[in-house]
S.K.: 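Pasting a structure here, questions to come.
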Amino acid sequence: MNRPWDADPSAPLVRRLGKSPNELGNTNDDDGCPDIWQLANGDIAVIGRDLTDAYRSRLPKDARIAADERLVVIPGNTLSAAKSDIPDA
């Protein structure tokens with residue numbers, strides 16, 4: 001499959017965007033840590049709950065989830081806390 005963009009699995013995580021899950025109160029260190037990370041190549045990695053199956057049938061007509069993609073959900077405060085670390089377009 002030839003795509004205009006593809007993820008590079010060799011790109012290392014270089015910096016957290018926003019606050020840690022502990023700082024935001026989004027984890028108890030037992031069952032996961034929603035998080036956002038910038039990769040060395042500038043791409044973004046999101047750690048969240050996989051809700052692909054729950055949302056697949058409810059996607060807008062112009063949204064699609066490829067076989068190798070997942071829809072993940074993170075707490076709103078995780079993204080809000082990252083706002084200052086995300087440059088304007």
Side-chain angles (χ1 to χ4, degrees):
M1 178 184 310
N2 187 10
R3 298 177 179 177
W5 171 86
D6 206 352
D8 178 1
S10 68
L13 300 161
V14 292
R15 91 181 162 114
R16 170 180 279 121
L17 301 181
K19 297 178 180 179
S20 74
N22 281 328
E23 289 176 284
L24 295 171
N26 292 336
T27 185
N28 59 11
D29 290 331
D30 291 334
D31 66 350
C33 297
D35 220 340
I36 304 173
W37 285 81
Q38 184 174 27
L39 305 179
N41 65 1
D43 287 348
I44 305 299
V46 177
I47 301 169
R49 305 277 185 196
D50 180 356
L51 294 183
T52 304
D53 292 338
Y55 280 91
R56 187 180 303 276
S57 67
R58 299 186 282 153
L59 291 173
K61 295 211 180 288
D62 61 347
R64 291 166 191 74
I65 302 171
D68 62 345
E69 295 176 330
R70 299 292 173 265
L71 184 150
V72 299
V73 175
I74 60 172
N77 66 351
T78 300
L79 184 60
S80 294
K83 184 178 179 181
S84 64
D85 292 333
I86 301 170
D88 292 332

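All figures in this text were calculated on a predicted structure; none of them were measured in a lab. Heavy atoms only: backbone and side chains are in, while hydrogens, waters and symmetry mates are out.
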S.K.: Please check: side-chain N/O of T78 versus main-chain N/O of D35, any donor-acceptor pairing under 3.5 Å?
M.R.: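 Answer holds: no.
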S.K.: Indicate the atoms forming the closest heavy-atom contact of S84 with A81, along with that distance.
M.R.: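 For S84 versus A81, the nearest heavy atoms are OG-O, 4.2 Å.
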S.K.: If you measure from CD1 on I74 to CG on N26, what distance do you get to the nearest 0.5 Å?
M.R.: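 Separation between the atoms: 9.0 Å.
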S.K.: What is the distance from atom CH2 of W5 to atom CG of D43, rounded to the nearest 0.5 Å?
M.R.: 5.5 Å
S.K.: Kindly give the heavy-atom pair with the smallest separation between P34 and P21, and that separation in Å.
M.R.: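 Taking every non-hydrogen atom into account, O-CG, 3.1 Å.
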S.K.: Please determine whether residues L17 and W37 belong to a single hydrophobic cluster, defined as Ile, Leu, Val, Met, Phe, Trp and Tyr linked transitively by side-chain heavy-atom distances below 4.5 Å.
M.R.: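 No, L17 does not connect to W37 through the hydrophobic network.
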S.K.: Write down the atom of R70, the atom of D50, and the distance for their closest heavy-atom approach.
M.R.: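 The pair with the smallest heavy-atom distance is CD-OD2, 3.3 Å.
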S.K.: Give a yes or no on whether V72 and L59 share a hydrophobic cluster (residues Ile, Leu, Val, Met, Phe, Trp, Tyr; joining criterion: side-chain heavy atoms under 4.5 Å apart).
M.R.: no
S.K.: Are L71 and I47 grouped together when hydrophobic residues (ILVMFWY) are joined by side-chain heavy atoms under 4.5 angstrom apart?
M.R.: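 Not linked; separate clusters.
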S.K.: To the nearest 0.5 Å, how far apart are CG in D85 and NZ in K19?
M.R.: 10.5 Å
S.K.: Could you tell me the separation between the CG atom of D8 and the CG atom of N41, rounded to the nearest 0.5 Å?
M.R.: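 The CG atom of D8 sits 5.5 Å away from the CG atom of N41.
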S.K.: Looking at every heavy atom in both R64 and E69, which two are closest together, and how far apart are they?
M.R.: O-OE1, 3.8 Å
S.K.: Does R49 have more than 12 heavy atoms from other residues, nucleotides or ligands lying within 6.0 Å of its CZ?
M.R.: no
S.K.: Would you say V73 ends up clustered with I36 if hydrophobic residues are merged whenever their side chains have heavy atoms under 4.5 Å apart, either directly or through other cluster members?
M.R.: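 Hydrophobic grouping puts I36 apart from V73.
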S.K.: Report yes or no: do I44 and L13 belong to one cluster of Ile/Leu/Val/Met/Phe/Trp/Tyr joined by side chain heavy-atom distances under 4.5 Å?
M.R.: no
S.K.: Distance only, no hydrogens: is a donor on one side chain within 3.5 Å (strictly under) of an acceptor on the other, for S20 and N22?
M.R.: no
